[in-house]
Amino acid sequence: MSAGLVGVTAPAASAATPLRVQILMFDGVEEQDFVAPVEVLGLAGKLTGGAVVTSLVSAGRPGPVKCTYDTVVEVPRTWSPCDILVVPGGGYTDRNGPGVHRLNADQGFLRRLTASRALPVGICTGTMVLSAAGLTKGRNATTHNGAKADLAAQGAKVIDARVVDDGDLITGGGITAGLEVSLWLVERFLGAKAARRTEVVLEYERRGTVWRA
């Protein structure tokens, strides 16, 4: 059952109505970009008795994905309707290799992303995939420092913050900012107490700013 994201201003998720989060996997994905939400949201799910359910999904067919540093991950399912779709980055500096540029060249995928009703969350250069789908044009957003000029050139209002929450669009800075993005998702949809409990178990203190529209 969907937690219901439209117009959310207070925690909405619970064990009875869990937040369904899918993390998009693709060849060339940066390990830290997807591991942070897997760890943070997975832990938050356990600590809240199942108020968030997280799964890895592929842009195409299920199967093995080879990450930036040659880690191979078996992705069990294809992207399907969910509440939140997290798009990690990876491979941005190699336009001809595996990574986000191949996703950006897949027009069918981009059309599906544009039409999705899930809350899009970009981590690092995953924001550039959202940009390619037209989701950041005229919107407040951030990405890895090495891609901010490109993001601005594509029409986004680039904010220098660790996390940018523009309502129905959330984006994060480079690589390790996925920790902050994920903890912010916990706070926004499960509440500050759940986010604090997750931080304590992780032994991690959030860095930087959460910029909110």
Side-chain angles (χ1 to χ4, degrees), residues 1-8 13 18-31 33-38 41 52-68 73-92 94-144 147 150-151 153-156 164-172 178 181-182 185 188-189:
M1 182 180 296
S2 170
L5 300 182
V6 178
V8 169
L19 191 68
R20 303 168 301 165
V21 181
Q22 294 183 6
I23 302 167
L24 193 72
M25 298 290 286
F26 50 90
D27 285 333
V29 66
E30 179 89 25
E31 279 89 340
D33 284 11
F34 77 85
V35 168
V38 167
L41 298 173
V52 56
V53 177
T54 309
S55 56
L56 298 178
V57 296
S58 66
R61 295 179 179 178
V65 163
K66 188 175 183 180
C67 308
T68 295
V73 178
E74 188 68 29
V75 181
R77 64 191 68 181
T78 302
W79 170 31
S80 59
C82 58
D83 297 313
I84 295 176
L85 180 67
V86 177
V87 183
Y92 194 73
D94 183 0
R95 293 187 176 273
N96 297 313
V100 296
H101 293 293
R102 288 188 182 174
L103 285 181
N104 292 350
D106 185 340
Q107 294 301 310
F109 165 77
L110 293 180
R111 285 193 294 270
R112 188 180 174 201
L113 182 57
T114 303
S116 173
R117 299 187 66 182
L119 171 68
V121 176
I123 293 176
C124 192
T125 55
T127 298
M128 302 310 296
V129 178
L130 304 183
S131 181
L135 299 178
T136 65
K137 190 171 184 179
R139 303 294 301 274
N140 301 295
T142 192
T143 185
H144 190 284
D150 291 342
L151 183 61
Q154 293 171 23
V164 174
D165 185 335
D166 203 36
D168 57 358
L169 171 70
I170 296 176
T171 53
V181 171
S182 303
L185 289 174
R188 177 173 163 178
F189 295 109

Heavy-atom distance under 4.5 Å between the side chains of [X] and [Y], does that happen here?
X      : Y      : value
Pro18  : Val52  : no
Ile170 : Pro120 : no
Leu41  : Val53  : no
Val121 : Val87  : no
Trp79  : Leu85  : yes
Leu24  : Phe109 : yes

Residues forming a side-chain contact (heavy atoms from CB on, under 4.5 Å) with [X], sequence neighbours excluded:
X      : result
Val38  : Ile23, Phe34, Leu56
Arg111 : Gln107
Glu74  : Pro64
Ser80  : Gln22

Contact summary for [X] and [Y], nearest pair of heavy atoms:
X      : Y     : result
Ser182 : Pro37 : OG-CA, 3.1 Å
Asp27  : Val65 : OD1-CA, 3.5 Å
Gly178 : Ala36 : C-CB, 3.7 Å
Ser58  : Pro62 : OG-N, 3.6 Å

Item checked: Residue pairs passing the salt bridge (charged side-chain N to carboxylate O under 4.0 Å, His left out) test where at least one lies in residues 119-136, sequence neighbours excluded -> none
Taking [X] for the side chain and [Y] for the main chain, is one N or O donor matched with an acceptor at less than 3.5 Å?
X      : Y      : result
Thr54  : Val21  : no
Thr68  : Gly28  : yes
Thr171 : Gly122 : no
Asp166 : Leu169 : no
Asp33  : Pro88  : no

Note to self: Rounded at 0.5 Å granularity, tell me how far CE in Met25 sits from SG in Cys67.
What the structure shows: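 Between atom CE of Met25 and atom SG of Cys67 there are 4.5 Å.
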Got a sec, which residues hit salt bridge (charged side-chain N to carboxylate O under 4.0 Å, His left out) with [X], two or more places apart in sequence or on another chain?
X      : answer
Asp168 : Arg139
Lys66  : Asp70
Arg95  : Asp150

Item checked: Aromatic ring proximity, centroids under 6.0 angstrom, His101 and Tyr92 -> yes
Next item on the list: Go through Asp83 and Phe189 one step at a time and tell me if the side chain to side chain contact (heavy atoms under 4.5 Å, CB included) criterion holds.
Entry: CA-CA 11 Å; Asp83 297 313; Phe189 295 109; over 6 Å; no
Notebook entry, point to check: Are there more than 12 heavy atoms of other residues, nucleotides or ligands under 6.0 Å from atom CZ of Arg112?
Noted result: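 Yes, because the 6.0 Å sphere around CZ of Arg112 holds more than 12 heavy atoms from other groups.
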Check: Do Asp165 and Arg188 meet the salt-bridge criterion of a basic N to acidic O distance under 4.0 Å?
Finding: yes
Name each donor-acceptor pair under 3.5 Å that joins a side chain in residues 126-135 to protein atoms two or more places apart or in another chain, with its distance.
residue: Thr127; atom: OG1; partner: Cys124; partner atom: O; Å: 3.4
residue: Thr127; atom: OG1; partner: Thr142; partner atom: O; Å: 3.0
residue: Ser131; atom: OG; partner: Thr136; partner atom: OG1; Å: 3.3
residue: Ser131; atom: OG; partner: Gln154; partner atom: OE1; Å: 2.4

Item checked: Those residues that, when tested against Asn104, pass side chain to side chain donor-acceptor pair (under 3.5 Å) (two or more places apart) -> none
Margin query: As a quick check of understanding, evaluate side chain to side chain contact (heavy atoms under 4.5 Å, CB included) for Val86 and Ile123, giving each step before the final call.
Written below: CA-CA 7 Å; Val86 177; Ile123 293 176; 3.7 Å; yes
